[in-house]
Protein chains: 2
Amino acid sequence: MRLNGLDERIVHALAEDARRSYADIGAEVGLSAPAVKRRVDRLRADGAITGFTVTVDPAAIGWRTEGMIEMFCRSRTAPEDIRQALARYPEVVSASTVTGEADAVVQVLAADMRHFEQVLERIAGEPFVERTKSVLVLSPLLRRHAAGPPG
Amino acid sequence: MRLNGLDERIVHALAEDARRSYADIGAEVGLSAPAVKRRVDRLRADGAITGFTVTVDPAAIGWRTEGMIEMFCRSRTAPEDIRQALARYPEVVSASTVTGEADAVVQVLAADMRHFEQVLERIAGEPFVERTKSVLVLSPLLRRHAAGPPG
DNA sequence: AGTGAAAGCCACACATT
DNA sequence: AATGTGTGGCTTTCACT
């Protein structure tokens with residue numbers, strides 16, 4: 001499916017503040033409130049919009065250590081097995097199977113180094129994991145939004 | 001700062017659906033609507049909540065190719081320079097400076113391989129970039145939410 | 001943190017182009 | 001097919017307890 005200009009502007013307005021009123025957005029894009037709502041409903045029904053969420057600053061709640069773990073798995077490990085295992089970690093923010101040497105890349109958010117290390121060790125201890133390689137995030141430069149499969 | 005149990009439950013409710021009414025959330029956590037709003041306002045003021053956004057399924061709008069680009073920069077390149085350069089790319093979802101060999105890791109979302117390649121070439125052509133190394137995402141396994149600096 | 005009132009917003013039906 | 005108008009009902013917001 002394809003978004004037209006109006007849909008894009010509505011999504012953009014919601015991306016900046018998902019709690020803005022439809023009337024408010026309508027005033028910006030030149031539509032009435034019901035018209036905006038209808039388009040949002042359609043975008044949700046079509047799967048273009050997957051939901052509305054709050055964005056939390058991890059640092060503000062004491063989660064100050066971020067890192068990425070590359071996972072090297074046993075051959076013939078199913079992506080679904082990896083997903084199920086990682087879904088149990090609240091510290092895992094995102095995970096994807098990738099091309100290249102590693103099988104998957106996992107983004108982890110932890111309170112501190114000690115916490116990060118614990119998560120790393122637990123992930124490294126998963127039965128299908130052969131070895132891991134991890135890097136720490138020094139400073140997050142940009143962070144935008146897009147959602148694939150529900151977490 | 002630290003969230004107490006009530007705040008956590010409110011944030012959790014908003015994380016699932018940021019457009020839920022305060023009355024609805026209040027019924028779930030055992031608070032009146034104004035009480036919920038007051039807590040949310042305080043969390044925003046404290047910086048724990050950075051905003052409310054819509055989550056978009058890139059695949060549904062025709063962006064089907066995702067990848068990560070490791071950037072190797074010239075020495076003494078400031079993180080802020082990297083941030084400013086990358087902020088101009090709508091295809092850049094997130095970017096961080098990291099420990100290890102690479103200086104920064106950039107997550108990119110593109111329509112297709114051709115588009116991804118164009119972005120890669122443009123990023124590789126930035127004056128402070130010496131070389132890049134990229135991996136493609138095969139399948140996104142998990143995607144949760146947290147926001148650091150505004151994009 | 002709760003209550004009550006006023007303002008504003010949402011969601012639906014129906015009419016319009 | 002998509003948008004605008006109008007109305008009832010709910011939500012938000014504010015002052016006060």
Side-chain angles (χ1 to χ4, degrees), chain A residues 1-58 60-63 144-147 150-151, chain B residues 1-64 90 111 144-147 150-151:
Chain A
M1 78 149 293
R2 186 77 198 98
L3 276 63
N4 65 24
L6 233 38
D7 288 330
E8 268 179 45
R9 289 169 69 192
I10 291 171
V11 169
H12 188 252
L14 287 170
E16 283 183 344
D17 181 4
R19 284 191 79 93
R20 274 183 75 179
S21 73
Y22 293 133
D24 202 19
I25 297 168
E28 184 175 311
V29 304
L31 242 48
S32 69
V36 174
K37 188 198 181 304
R38 273 194 290 266
R39 291 177 101 103
V40 171
D41 286 345
R42 183 172 54 75
L43 290 168
R44 289 203 72 159
D46 291 349
I49 289 178
T50 55
F52 302 95
T53 47
V54 62
T55 55
V56 175
D57 181 2
I61 58 174
W63 291 54
R144 289 169 184 157
H145 283 280
Chain B
M1 78 151 290
R2 186 78 199 99
L3 277 63
N4 67 23
L6 232 38
D7 288 330
E8 269 181 43
R9 290 169 68 192
I10 291 171
V11 169
H12 188 251
L14 287 171
E16 284 182 343
D17 180 6
R19 284 190 77 92
R20 274 182 75 179
S21 72
Y22 293 133
D24 201 19
I25 297 169
E28 184 176 311
V29 304
L31 242 50
S32 68
V36 174
K37 188 193 183 307
R38 270 195 294 270
R39 281 172 181 265
V40 172
D41 286 345
R42 185 173 52 75
L43 290 168
R44 290 203 72 160
D46 292 349
I49 289 179
T50 55
F52 302 96
T53 49
V54 63
T55 55
V56 175
D57 181 3
I61 57 174
W63 292 53
R64 308 197 138 85
R144 288 168 185 157
H145 284 280

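Every chain is numbered from 1 and lettered A, B, ... according to where its sequence line falls, protein lines coming before strand lines.
- Rounded to a whole Å, the CG atom of A:Leu43 is 14 Å from the C1' atom of D:dA2.
- Of the residues in residues 13-23 of chain B, those lying under 4.0 Å from DNA chain D by heavy-atom distance are B:Ser21, B:Tyr22, B:Ala23.
- Atom CD1 of B:Ile25 and atom P of D:dT11 are 12 Å apart (whole Å).
- Side-chain contact between B:Arg38 and B:Leu31: absent, with no pair of heavy atoms (C-beta onward) separated by less than 4.5 Å.
- Taking atom CG on A:Leu6 and atom P on D:dA2, their separation rounds to 12 Å, with Å as the unit.
- Contact annotation: the side chain of A:Glu28 never approaches that of A:Asp24 to less than 4.5 Å [non-hydrogen atoms, C-beta and beyond].
- For the atom pair OG1 of A:Thr53 and CD of B:Glu16, the computed distance is 11.0 Å after rounding to the nearest 0.5 Å.
- Distance check: B:Phe52 CZ to B:Asp17 CG gives 11.0 Å after rounding to the nearest 0.5 Å.
- Summary for the helix from C:dA1-D:dT17 to C:dT17-D:dA1: the axes at its two ends, each from 5 pairs, differ by 40° when rounded to the nearest 10 degrees.
- Going from atom CZ of B:Arg144 over to atom OG1 of B:Thr55 covers 14.5 Å, rounded to the nearest 0.5 Å.
- Residues A:Arg9 and A:Leu6 have side chains in contact (heavy-atom distance under 4.5 Å, counting atoms from C-beta outward).
- To the nearest 0.5 Å, atom CZ of residue A:Arg44 and atom OG1 of residue A:Thr50 are 8.0 Å apart.
- The nucleotide whose nearest atom lies closest to any side-chain atom of B:Ser32 is, among D:dT12, D:dT3, C:dG2, C:dG2.
- The NZ atom of A:Lys37 sits 14 Å away from the P atom of D:dT3 (whole-angstrom rounding).
- Per the geometry, CZ belonging to A:Arg38 stands 8 Å off C1' belonging to D:dG4, to the nearest Å.
- Distance A:Arg42 CZ to D:dA2 P: 6 Å, rounded to the nearest Å.
- In this structure, the nucleotide among C:dA1, C:dC12, D:dG4 sitting nearest to the side chain of B:Ala35 is C:dA1.
- Rounding to whole angstrom units, CG of residue A:Asp24 and C1' of C:dC9 are separated by 11 Å.
- Note on B:Arg39: a side-chain N or O is less than 4.0 Å away from OP1 or OP2 of C:dA1.
- In this structure, the separation between CG on B:Asp7 and CZ on B:Arg42 is 4.5 Å, given to the nearest 0.5 Å.
- A distance of 11.5 Å separates CD1 of B:Ile49 from CZ of B:Arg39, quoted to the nearest 0.5 Å.
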